[in-house]
Amino acid sequence: MIVTLTANPSLDRTVELPGALARGEVQRAVAVHQESGGKGVNVSRALVASGLDTLAVLPGADSDPVLSGLHDGGVPFAALPIGQALRSNVTLTEPDGVTTKINEPGPELSEEQQEALIGLLLERSRGASWVVLAGSLPPGVPADFYATIARRLRSTPDGTVSPSIAIDSSGAPLAASLVGDASGKPDLLKPNAEELAELAAAAGFTSVSTADELEADPAKAAEAAAAVVASGVGAVLATLGSKGAILVTADGAWLATHPPIKAVSTVGAGDSALAGYLLAATQGGSAQDCLRQAVAHGAAAASLPGSTVPAVHQTTPNAVIITALQKDSQ
Ligand SMILES: Nc1ncnc2c1ncn2[C@@H]1O[C@H](COP(=O)(O)OP(=O)(O)O)[C@@H](O)[C@H]1O
Ligand SMILES: O=P(O)(O)OC[C@H]1O[C@](O)(COP(=O)(O)O)[C@@H](O)[C@@H]1O
């Protein structure tokens, strides 16, 4: 089973615009899509779509629309009531595929609620193969929340095998995943190009590049990711938007590309890519198999409206081309 934690879930509203976004003008939406979202929630939704065993752990009341959506969508979840409504995030999509996202901060979690959420996750993660810690942290939660959880997941007093840990976040919580001893560091990090640029800087990679440069130059992205792996992370799956993704481990570095698609909405594409990776990993796939399925899932998600996640049969892994890269860090 793959357990996901979304500390800051959201009701994702995607508004399709008839043309380019016109600031300061009134525009009429062509269509609106609404989905339960947040990074871990999306990973669980994508895994359910492909028939995998998963559980989404999150805060929220049973009556909250995010939880009702999970219930209606057949996504198993365990929720901690927090006495506050979850947030709504809005995405504006333009016909040429450009998306603009506005993410709310979300409800504050008290120290007691944070501890209760960790307790719920630890209890429900027993026997899990992977635990995914994903998304931004709500107000009040310290940046090292994921590192603390990773340590606690790995301190199994009865000697049972602890799950592999994946982290997909941004900003301070992402940088905090590189700090401290090995027990707080993830087996897998899933940054996008912007987050890889932040991570590489945090890992002390001196020839830091911008997100645009990393997307345009996969070899450079692999160098940046190798610096992150050298700091004690098991593997880095860095997604590079329409350029595909790279995977860097201690054993090698690879680039995966997919033939061009018509991008409809990229919301949830990164989360779908992570789900594709985990799908292949739990089926015993090699590093290259995992990367291939990640990019197949990401491309399929980007071609679907709103934050719709693809099932594996909607993906085209055979169309993905894998190339080996040099991964020498500085
Ligand atoms: N415009 C696009 N065309 C084709 N594939 C895309 C596009 N945008 C995203 N993808 C796919 O989705 C994956 C994740 O997208 P990316 O934008 O890098 O992540 P995130 O959603 O986390 O910011 C990419 O690796 C790629 O497979
Ligand atoms: O927690 P954050 O960083 O605010 O991100 C949450 C948002 O990201 C999403 O999970 C989509 O993520 P990706 O586009 O990176 O796959 C949305 O469902 C959600 O609204």
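Just follow the structure's listing: the first ligand is 1, and inside any ligand the first atom is 1.
Here's the thing with G268: one of its N/O atoms is less than 3.5 angstrom from an N/O atom of ligand 2.
Between Q293 and T315, some side-chain heavy-atom pair lies under the 4.5 Å cut-off. Contact check for R45 versus L70: side-chain heavy atoms found under the 4.5 Å cut-off. Here the side chains of I82 and P107 are in contact, with some heavy-atom distance below 4.5 Å. Counting only heavy atoms from C-beta outward, the side chains of P186 and S177 approach each other to under 4.5 Å.
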For T93 and V98, run side chain to side chain contact (heavy atoms under 4.5 Å, CB included): C-alpha distance rounded to whole Å, both residues' side-chain angles, the deciding distance at 0.1 Å, then the answer.
-> CA-CA 6 Å; T93 63; V98 172; over 6 Å; no

Working for salt bridge (charged side-chain N to carboxylate O under 4.0 Å, His left out), residues K262 and D96 = CA-CA 9 Å; K262 178 174 167 22; D96 63 359; over 6 Å; no

Considering only N or O atoms, set out every pair between ligand 1 and the protein closer than 3.5 Å, with distances to one decimal place.
{"residue": "ligand 1", "atom": "12 (O)", "partner": "G298", "partner atom": "O", "Å": "3.4"}
{"residue": "ligand 1", "atom": "18 (O)", "partner": "T239", "partner atom": "O", "Å": "3.3"}
{"residue": "ligand 1", "atom": "18 (O)", "partner": "T239", "partner atom": "OG1", "Å": "2.9"}
{"residue": "ligand 1", "atom": "18 (O)", "partner": "G241", "partner atom": "N", "Å": "2.8"}
{"residue": "ligand 1", "atom": "19 (O)", "partner": "T239", "partner atom": "OG1", "Å": "3.2"}
{"residue": "ligand 1", "atom": "21 (O)", "partner": "G270", "partner atom": "N", "Å": "3.1"}
{"residue": "ligand 1", "atom": "22 (O)", "partner": "K190", "partner atom": "NZ", "Å": "3.0"}
{"residue": "ligand 1", "atom": "23 (O)", "partner": "N192", "partner atom": "ND2", "Å": "2.9"}
{"residue": "ligand 1", "atom": "25 (O)", "partner": "G244", "partner atom": "O", "Å": "2.8"}

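With a heavy-atom cut-off of 4.0 Å, E35 does not touch ligand 2 at all. If you look at S272 next to ligand 2, there are no close heavy atoms at all, none under 4.0 Å. If you look at S10 next to ligand 2, the close heavy atoms, those under 4.0 Å, all belong to the side chain. With a 4.0 Å cut-off on non-hydrogen atoms, V41 does not touch ligand 2 at all. Only the side chain of D12 comes within 4.0 Å of ligand 2, counting heavy atoms alone; its backbone N, CA, C and O stay farther away.
Those atoms of ligand 2 with a heavy atom of G270 less than 4.0 angstrom away are 16 (O). Of all atoms in ligand 2, numbered sequentially from 1 with element shown, those under 4.0 Å from a heavy atom of N89 are 6 (C), 7 (C), 19 (C), 20 (O). Within the listing of ligand 2, atoms 2 (P), 4 (O), 5 (O), 6 (C), 7 (C) sit less than 4.0 angstrom from a heavy atom of N103. Annotation for ligand 2: atoms under 4.0 Å from non-hydrogen atoms of G135 are 1 (O). Per-residue contacts place S136 under 4.0 angstrom from the following atoms of ligand 2 (heavy atoms of the residue considered): 1 (O), 2 (P), 3 (O), 4 (O). Close approach to A269 involves these atoms of ligand 2, each under 4.0 Å from a residue heavy atom: 16 (O). In summary, the atoms of ligand 2 found under 4.0 Å from a heavy atom of N42, numbered by their order in the structure, are 9 (C), 10 (O), 11 (C), 17 (C), 18 (O).
When D168, T239, D271 are each tested for a side-chain hydrogen bond (donor to acceptor under 3.5 Å, both in side chains) with K190, only one passes: T239. When L58, T4, V57 are each tested for a side-chain contact (heavy atoms from CB on, under 4.5 Å) with F77, only one passes: L58. Among L67, V75, T6, D12, the one residue that satisfies the side-chain contact (heavy atoms from CB on, under 4.5 Å) test with V41 is T6.
Checked by atom type, the side-chain pair T316/H258 shows a donor-acceptor distance below 3.5 Å. If you check the side chains of S183 and D181, you find a donor sitting under 3.5 Å from an acceptor. No hydrogens or angles considered: a donor-acceptor pair under 3.5 Å links the side chains of E16 and H33.
Proximity of T6 to ligand 2 is not established, as no heavy-atom distance is less than 4.0 Å.
The shortest contact between atom 11 (C) of ligand 2 and any protein heavy atom is with D271 OD2, 3.4 Å. Nearest non-hydrogen protein atom to atom 12 (O) of ligand 2 is K39 NZ, 2.9 Å.
The CG atom of L279 sits 11.0 Å away from the OG1 atom of T54 when rounded to the nearest 0.5 Å.
Of the options R87, E195, E104, the smallest heavy-atom separation from atom 6 (C) of ligand 2 is shown by R87.
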Check residues 117-137 and write down every donor-acceptor pair under 3.5 Å in which the side-chain atom is one partner and the other belongs to a residue at least two apart or another chain.
{"residue": "S125", "atom": "OG", "partner": "L121", "partner atom": "O", "Å": "2.6"}
{"residue": "S129", "atom": "OG", "partner": "M1", "partner atom": "O", "Å": "3.2"}
{"residue": "S136", "atom": "OG", "partner": "N8", "partner atom": "ND2", "Å": "3.3"}

